[in-house]
Amino acid sequence: MLLSIYKGEDMCGIYGYIGEKSVEEVMKGIKRLEYRGYDSAGIAFQSGEKLNEDENTTNGENITVIKNKGEISNLERIVLNKNLKSNVSIGHTRWATHGEPSIKNSHPHLSGDGRWAIVHNGIIENYLDLKEDLGLQVESETDTEVVALLLEKYYNGNVLSTIKNVCEKLNGSYAFAIITSHSPNKIFVAKRNSPVVVGYGKRYGVVCSDINSIKGANIYVLENEQYAVIERGKINIFDKNLMAINTSELGVVKKVEGGKLGDYSHYMLKEIDEIPTAIKRTVNLYNNIDTLNDALHKLKFKNILIIGCGTAYHAGLIGKRLFEEEGIHCECEIASEFRYKPFVDKKNTLAIFVSQSGETADTINALKLCKQKGLKTLAITNVRNSSITFVADYCIYTCAGSEIGVASTKAYNCQLAIFHILSKYFNYIKNGDSKMFYDEIKNLKSIATLIRNNEIKPICRHIAQKIYKSKSIYMIGRGLDYSIAAEASLKLKEISYIHCEAYPAGELKHGTISLIDKNTFVFAFVTQEKIKDKTFSNINEVVAREGKIILFSPFDNSNKKVVEEIKVPKIKERYYPLFIINYLQLISYYTALLLGNNPDKPRSLAKSVTVE
Ligand code: M6R
């Protein structure tokens, strides 16, 4: 099967549809892509009818473009009111990189003669040179409009060969979907280094930048330098010389079904409530040594390097500790830092890349770097067929189910479950002790059963009420407890917009304690017997500065001035991160609600960070 490196480099989204009600289909399609970014959106469709033009609407030659700023619902309001009839449409969601979010800069872009409309993911690095050398008159600040003008300029009577000729002049990355009145009833697609998939069903054809957001029975991942021509019920794919490729050789790719909101008001809450099931599903997939032997081919190595971003990195911090407990040397790095530091080759290293989406550009590029350096690579991801799965040597899947809320919740718990399983599996590979592996599987299932969100929601709401007016919050802990603090503080800040910092508890007194006063809440996590007394001392130091401690611990606390004490059940210490984070996910959620924020779509953030 021919599957390319499905590489993500862009946070925008493309959706094109050819068939009945194409406008409605594209609007639904780009809504599914909203998770990648949403500061503007637009649609172009073929139609014989001209609409009244205004700041949102432009007519070309049998093509009309409608665009708007802000969330996709802003575009939807205009488009769906007009009852538009078209069988060929392309749409785009934009997360601004070249030029501010504005109607002018949104895609699709029309050529000057109005005969070409184009949407684009990726970055054309030489667009300014092309613009200047050829004296092109552009209206927007984008690289994409330059491509629309090039298509017009170099049109040679054959649409596909014109597209190819123009692509050959471009440096950088692109996934293009193009419609043109020179060849109606077709969508043309070109790809280099930006993901794009094409598909068709009985009476329709479709193109999308995200494999899991595409509607279609027969889906193909385009290779670099390939072109596709999509019609109703059929697709033709061509190589870089425009030689036709037999699609039966490409192999149809399976996609993951998206989650539904059901009775929930937000995906985030739904996804937190799904945590116990998600953990059990993940554990059940890897609940025996044979399955792991098949997936990992009894990998042998001396050292582990874990790499990820954001929440995935925080899961890695726990993984590091779990591997160290098995006597395996392990380092954990932030992908965007790792890529630019000197590479020190520790012989015999397994590099593990953690990514919920499997699309994070920094993580994927760090993976490629490690491969170049000859390391064995393993991806832990939640999304089958995501870019990372095509690059890594081995893949292990979290079975969290689709995670739509921008704040990662159930995926994090499942990443932790995988690290627990791997730590005991690697121990088995080294020492042949399978009992510890199977005990771990049993324990993980019991912990999943212990997570009872409905029981803890009242206390979480209560804490949210207390803290939501804060200007600044700190979270402290040592060892595994510090890793809990790191993830908890990211969760709180990303959706509440309250400044929140995690500190190793012992480090506070080396500077940051000067910021603690009577208005400061400090969350303290104390779950590890060996270091509990040390953290309790740090809590006393905070209380002495009138800081307001919110304590999570199974241990007795003697400091009467702690303002909130959440006594968590006694469980084996290594499972506390998996267990306690749920409180903090819920507290963050309720705090965001109290502040009037949409927890599913925090400002300036997108679900997949596919820019570096
Ligand atoms: O898809 P990934 O796991 O690679 O994403 C990494 C981070 O962008 C992600 O975890 C981010 O930090 C979340 N918004 C946190 O909730």
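FYI, side chains are in, hydrogens and waters are out, and symmetry mates aren't considered; it's all heavy atoms of this structure. Remember, it's 1-based here, ligands and their atoms both numbered in the order they're listed.
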Checklist entry - Heavy atom of Lys491 under 4.0 Å from ligand 1? => result yes
Next on the checklist: Checking a contact table here: which protein heavy atom is nearest atom 5 (O) of ligand 1, and how many Å away?
Outcome noted: Thr360 OG1, 3.4 Å
Checklist outcome for this item: closest protein heavy atom to atom 9 (C) of ligand 1 is Thr311 N, 4.1 Å
Item to check | Protein heavy atom at shortest distance from atom 3 (O) of ligand 1 | outcome: Gln356 N, 2.7 Å
Checklist entry - Excluding sequence neighbours, so at least two apart, what forms ring pair (Phe, Tyr, Trp, His ring centres under 6.0 Å) with Tyr576? => result none
Checklist entry - Quick one: do Lys320 and Glu324 make a salt bridge, cutoff under 4.0 Å? => result yes
Checklist entry - Starting from atom 6 (C) of ligand 1, which protein heavy atom do you reach first, and at what distance in Å? => result Cys309 O, 3.3 Å
Checklist entry - Below 6.0 angstrom between ring centroids: does that apply to Phe419 and Phe323? => result yes
Item to check | Heavy-atom nearest neighbour in the protein, as seen from atom 14 (N) of ligand 1, with distance rounded to 0.1 Å | outcome: Glu494 OE1, 2.9 Å
Next on the checklist: Give me the nearest non-hydrogen protein atom to atom 8 (O) of ligand 1 as residue plus atom name, then the distance to 0.1 Å.
Outcome noted: Val609 CG2, 3.9 Å
Next on the checklist: Ring of Phe521, cation from Lys548 - is the NZ or CZ under 6.0 Å from the centre and inside 45° of the axis?
Outcome noted: yes
Next on the checklist: Is it the case that the side chain of Ser408 and the backbone of Thr311 share a donor-acceptor pair, with hydrogens and angles ignored and the cut-off at 3.5 Å?
Outcome noted: no
